[in-house]
Engineer: 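The structure is given below, and queries will be raised subsequently.
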Protein chains: 2
Amino acid sequence: MAVSLNERSSTELKVRKQRAPNSPPRGAPDRHAGQATRNSEIVYRDLRDAIVDVTLTPGTPLVEKEITERYGISRTPVREAILRLAEEQLVDVIPKSGTFVARIPVAVLHEAIVARKALEGACVREATAKASKSQIMELRAIIQREYELCAAGDEQAFHDADNAFHAGVAAASGYPGIWSMIEKIRLQVERYRRLTLPQKGRMALIVAEHAAVLDAIESGDADAAVAAMNNHLNKLRIDIGTFRDLWPDYFLFDKK
Amino acid sequence: MAVSLNERSSTELKVRKQRAPNSPPRGAPDRHAGQATRNSEIVYRDLRDAIVDVTLTPGTPLVEKEITERYGISRTPVREAILRLAEEQLVDVIPKSGTFVARIPVAVLHEAIVARKALEGACVREATAKASKSQIMELRAIIQREYELCAAGDEQAFHDADNAFHAGVAAASGYPGIWSMIEKIRLQVERYRRLTLPQKGRMALIVAEHAAVLDAIESGDADAAVAAMNNHLNKLRIDIGTFRDLWPDYFLFDKK
DNA sequence: CTTGCATAACTAGTATACAAGATATTTTAC
DNA sequence: GTAAAATATCTTGTATACTAGTTATGCAAG
């Protein structure tokens with residue numbers, strides 16, 4: 001069982017006939033953008049979506065064999081998908097015992113908001129400096145769409161547009177890597193958000209807040225833009241007390 | 001090959017006899033803290049360390065079979081380790097072709113510094129509000145150790161102490177999740193840092209900058225603390241020009 | 001009825017065999 | 001000799017069998 005650790009694993013790796021310098025393998029290097037080609041990717045996406053949907057509720061056992069049969073594939077890709085989810089703290093895998101949809105740690109929720117404010121603040125500040133005219137126009141269009149969806153009362157589509165606005169700001173900042181970090185953080189909070197009932201008048205408020213952010217960006221006032229974004233994100237503040245009673249076993253409370 | 005996607009994978013998962021509500025599986029939930037029990041974890045750590053060491057240089061092929069033989073284990077755990085590395089953008093795996101240590105994208109380096117400033121800024125601000133007397137004393141002790149290691153000229157130990165200071169600030173802020181994000185970001189920049197030769201007088205400067213941060217924290221001036229930390233992190237600014245010539249094939253330059 | 005223990009039925013971890021595509025090499029045509 | 005095609009040999013992706021530890025079950029003793 002024990003694995004030899006004495007010799008450094010890297011010391012004398014036989015360097016295979018190497019590609020010419022400066023010529024990275026030409027196979028698509030950013031396969032991340034493309035759609036799923038591997039089965040493990042498909043399973044991962046399905047499970048992840050189901051978890052953030054709260055279709056799969058916290059605590060639910062995830063049995064590899066069942067998923068295997070459902071998809072008609074072997075355990076290997078299923079396992080890879082589950083390992084990715086474990087990496088992102090969406091499932092807990094207990095060796096030789098079972099895999100379970102992770103409970104939502106309330107401490108993480110608070111941290112997630114802080115982290116998001118920090119990262120999106122950096123994005124919006126940079127966007128204020130670098131946003132092109134066309135990018136600003138696109139953001140304005142998104143806000144208009146939000147306004148229309150708000151009037152139509154389409155919650156799901158509105159939420160997508162909401163996300164698109166934030167993505168647009170990140171794009172304008174030229175920080176794609178930071179945006180992907182923000183999206184990972186969002187996964188955690190999204191489960192919580194799905195549990196909260198849609199609040200009356202919330203959409204109209206969001207539209208106004210987005211508009212405030214964009215106005216500040218357009219006027220070139222970075223500090224105001226950051227402040228507007230912070231104000232917007234602060235509205236996500238977690239009110240855990242209500243849900244402690246509703247779904248007590250969905251959350252993991254601090255042990256202090 | 002195609003996988004059935006028509007039916008939602010989550011709709012009717014047979015819910016196995018479930019554990020009693022409010023009783024999370026009692027197996028160690030924070031296995032993350034413990035040492036590696038699974039072989040895949042050991043391989044992952046070794047490879048990751050070798051990559052950030054730049055012992056395994058960017059572009060080096062990583063062949064599953066070789067690692068398999070080196071450790072005397074099968075491909076499965078090796079593969080899992082490699083998949084984790086791919087997740088963290090430390091390797092590029094090209095299906096049916098090969099796996100390679102990822103080149104360092106200079107754009108990511110810049111973003112990493114921005115993200116780190118944002119996140120550590122949030123940490124230091126919170127730490128200013130919440131740090132206990134003992135935590136401040138610990139940070140002061142770390143700075144003293146840095147001073148001594150600086151005098152002794154021990155680069156490696158100094159770097160560890162440097163990291164310990166930042167970890168200490170994060171601990172004082174009570175944001176362990178944000179600290180783990182910062183550490184992931186650090187992985188990317190660390191490879192670059194390892195390539196830069198130790199700069200004369202750098203250590204003494206770092207000690208002074210850390211002291212400035214701690215002074216501001218102690219005096220309760222959050223804005224000054226954030227400013228001091230930003231000033232400190234700005235010193236990491238990437239000077240890619242030098243290395244474009246030295247190791248042209250270690251980096252990935254923007255394609256604009 | 002309760003408690004302790006043996007045992008059966010789970011689980012994830014690992015090893016290995018095979019499949020499929022990509023690259024390197026050789027062969028063949030010209 | 002050159003170039004293109006066939007082929008051999010790589011690689012990772014997948015399937016499956018087996019191992020080992022955990023949890024549940026049922027039986028027996030008190």
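Chain naming here is simple, since letters A, B, ... match the order of the sequence lines and numbering starts at 1 in each.
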Engineer: For the atom pair CD (B:E87) and CZ (A:R84), what is the distance rounded to the nearest 0.5 Å?
Structural biologist: 4.0 Å

Engineer: Name all residues meeting the side-chain hydrogen bond (donor to acceptor under 3.5 Å, both in side chains) criterion together with A:Y44; count only those two or more places apart in sequence or in a different chain, and write none if there are none.
Structural biologist: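 So A:Y44 forms a side-chain hydrogen bond (donor to acceptor under 3.5 Å, both in side chains) with A:E88.
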
Engineer: It should be established whether B:T99 places a side-chain nitrogen or oxygen under 4.0 Å from OP1 or OP2 of nucleotide D:dT12.
Structural biologist: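 For D:dT12, OP1/OP2 do have a side-chain N/O of B:T99 under 4.0 Å.
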
Engineer: Which pairs, with at least one residue in residues 163-190 of chain A and sequence neighbours excluded, count as a salt bridge (Lys or Arg N to Asp or Glu O under 4.0 Å)?
Structural biologist: A:R186-A:E190, A:E190-A:R193, A:E190-A:R194

Engineer: Mind listing the N/O atom pairs, protein and nucleotides 15-18 of chain D, below 3.5 Å?
Structural biologist:
residue : atom : partner : partner atom : Å
D:dA15  : OP2  : A:S74   : N            : 2.8
D:dA15  : OP2  : A:S74   : OG           : 2.8
D:dA15  : O5'  : A:S74   : OG           : 3.4
D:dA15  : N7   : A:T76   : OG1          : 2.8

Engineer: Mind checking the CG-CZ spacing from B:D154 to B:R145? Nearest 0.5 Å is all I need.
Structural biologist: 11.5 Å

Engineer: Using a cut-off of 4.0 Å on non-hydrogen atoms, how would the nucleic acid contact of A:S40 be classed: base, sugar-phosphate, or nothing?
Structural biologist: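 A:S40: no heavy atom of the nucleic acid under 4.0 Å.
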
Engineer: Which nucleotide sits closest to the side chain of A:V63: D:dG13, C:dT11, C:dA12?
Structural biologist: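 Given the options D:dG13, C:dT11, C:dA12, the side chain of A:V63 is closest to C:dT11.
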
Engineer: Do B:N163 and B:H159 have a side chain donor and acceptor closer than 3.5 Å?
Structural biologist: no

Engineer: Taking CD1 from B:I94 and P from C:dA22, how many angstroms apart are they, rounded to a whole number?
Structural biologist: 11 Å

Engineer: Between the side chains of B:E66 and B:R70, is the shortest nitrogen-to-carboxylate-oxygen separation below 4.0 Å, so that they form an ion pair?
Structural biologist: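 The answer is no: the pair does not qualify as a salt bridge.
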
Engineer: Using whole Å, what does the distance between atom C1' of nucleotide C:dT16 and atom CD of B:E69 come to?
Structural biologist: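 That distance rounds to 14 Å.
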
